Chemist: 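Let me begin by handing over the structure; questions about it come next.
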Amino acid sequence: MHSLHKSTTGHSLINFLLLFSSFCALYVLTSVLLLVLGTSSSLLNLHSSSNNVLIEPSTTTTTLDHLVFGIASSGSSWPKRKEYIKLWWNRTTMRGCVFVDDDVNIGPLKAEEKEKNGEDDDYSLPPICVSEDTSRFRYTHHGGTRSAIRVARVVKETVALLNHSGVRWFVFGDDDTVFFPENLRKTLSKYDHRLWYYIGANSESYKQNWFFGFGMGYGGAGFAISSSLAKVLAKVLDSCIQRYPHLYGSDSRVYSCITELGVGLTHEPGFHQVDFRGNAFGLLAAHPVTPLLSLHHPDYIDPIFPNTTAIKALQYLFEAVNVDSLRILQQAVCYDRRFSWTISVSWGYAVQVFHNHLSLPDVLKVQQTFKHWTKGTTMADLYSFNTREFHPDPCRRPTIFYMDNLSHDKDGIIISTYKKSFQNCSSNVASPNGPPEVIKVATTKLVLDTKQLQAPRRQCCDVLPSSVPDMMDIAIRECKEDELIYMH
Ligand SMILES: *[C@@H]1O[C@H](CO)[C@@H](O)[C@H](O)[C@H]1NC(C)=O
Ligand SMILES: *[C@@H]1O[C@H](CO)[C@@H](O)[C@H](O)[C@H]1NC(C)=O
Ligand SMILES: *[C@@H]1O[C@H](CO)[C@@H](O)[C@H](O)[C@H]1NC(C)=O
Ligand SMILES: *[C@@H]1O[C@H](CO)[C@@H](O)[C@H](O)[C@H]1NC(C)=O
Ligand SMILES: *[C@@H]1O[C@H](CO)[C@@H](O)[C@H](O)[C@H]1NC(C)=O
């Protein structure tokens, strides 16, 4: 299917066939070939004429307004959840709509009125769209809700919203999906939107994946569909959805219909469904070497910084995102040989000092700081990544330092400081060679070109001599060609 969009493939086929036919003596064969040529070239024409309107060359940089967002919400959840959208939405640079059910008091007129009167800060939010009626569709799953059909159709209704002028990607998520738009833009720019792409991520919960599918892009994590695929999907979605009344969620429906089109998921591990509860620290502190694209379920996890609210904690994270979006949560590991410490920096979030020597593969395992998501115990504690125990004894846990301050000077050096968090371990406090109070991390802004996005490499760090007592200085930099990350 993809090659149909590339007229060059078609032309070389025609050239080959013409060449072949000129050497062919048989009249019958020639006329058969002419027939084939006639049909294939008219097919190609038909396709290119309908595509030219929608699709432009991907040789230019992908900007934020090449992306269109379809956000699934409802009248009851929107008033609270809009605070999460405010974290990342910018109405000047972004396009899209928040889809709500119609029986609500936040119709589009009311939102517009408010905006005009400047009464509300809704101006910093996407416009509200009321979803179409879905009563003609059957929903037969017993545990779920009918709104799954409405939300699946957000895909179709978002595509219908615009005339596709300059749209390269449609991005879908929930009202409690916190996107990192600059990273999304950068990540999608490594793919050709003229090809059919369905890009997303699995759940962290093995059981969820086992049940709903490893090949599904989870809706809360958010997923992206290239404009060329979205256009076709929108056309067939309604007829396809009728075949899946028994499915639970909206994402299962979208997945099924994309599967029927013959397309599979392209996995981007920067999307996070966050199918667990409690303390997300383990996951956030061991992010894969890829830009952070989304975080879901902020209401189900503890605030990601201690002693604050969920929304304030995320605002705090965005202070770092606004300084160096691509580096957020990127993990660098270095070793302090004097004390045999292993130091793991999760940039813009936290630093951990392990009081022992841990090899890099062990540091990269996710500490199981969280509780399982699903009901029941069968497979509940299985995750789709390697985990490591978060020690029940606080004295045997790493010392955690949370981001405290961020500044950048004229030379482009970014300094982030991390302050030791409260630890319930007295032996630690008493130790003369105990960890410092503050860790200062120096970096430059992370710049990644398409090649580095396609073949990413972790950066290296050094523990520098510090003149200030109780302070550790760390610098993060590109690794040398053959540099290995281990305790020297
Ligand atoms: C939105 O983007 C514009 C253009 O980049 C920028 O000037 C403005 O400060 C942004 N607004 C917010 C609220 O971030
Ligand atoms: C879409 O295109 C039609 C016809 O060209 C035009 O009348 C309409 O205003 C356009 N809509 C948007 C949202 O750009
Ligand atoms: C938590 O925050 C409150 C209010 O900002 C502050 O008074 C309190 O000291 C903080 N507690 C800790 C343990 O940091
Ligand atoms: C943050 O860093 C800046 C620049 O180094 C400094 O002026 C400011 O006092 C710091 N703020 C805090 C709360 O430590
Ligand atoms: C430390 O102990 C207090 C009181 O038992 C408890 O409330 C707090 O959650 C503990 N903190 C950590 C980081 O374990």
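For ligands, and for the atoms within them, numbers begin at 1 and follow the listed sequence. What you are looking at is a predicted structure, and each value in this text was computed from that prediction instead of being measured.
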Chemist: Any disulfide bond (SG atoms under 2.5 Å apart) pairs touching residues 293-325, not counting sequence neighbours?
Modeler: none
Chemist: Provide, to 0.1 Å, the distance between atom 5 (O) of ligand 1 and the closest protein heavy atom, together with that atom's residue and name.
Modeler: T93 CG2, 3.9 Å
Chemist: Yes or no, since that's all I need: does a protein heavy atom fall within a distance strictly under 4.0 Å of atom 13 (C) of ligand 1?
Modeler: no
Chemist: Can you check atom 9 (O) of ligand 1: any protein non-hydrogen atom closer than 4.0 Å?
Modeler: no
Chemist: Going through the checks in order, is the side chain to side chain donor-acceptor pair (under 3.5 Å) test met by T374 and Q208?
Modeler: CA-CA 8 Å; T374 54; Q208 293 274 97; 6.0 Å; no
Chemist: Of the protein's non-hydrogen atoms, which lies at the shortest distance from atom 11 (N) of ligand 1, and what is that distance?
Modeler: N90 ND2, 2.9 Å
Chemist: Just say parallel, tilted or perpendicular for the rings of F180 and F318, cut-offs at 30° and 60°.
Modeler: parallel
Chemist: So, for L464 and I474, which heavy atoms are closest and what is the spacing to 0.1 Å?
Modeler: CD1-C, 4.5 Å
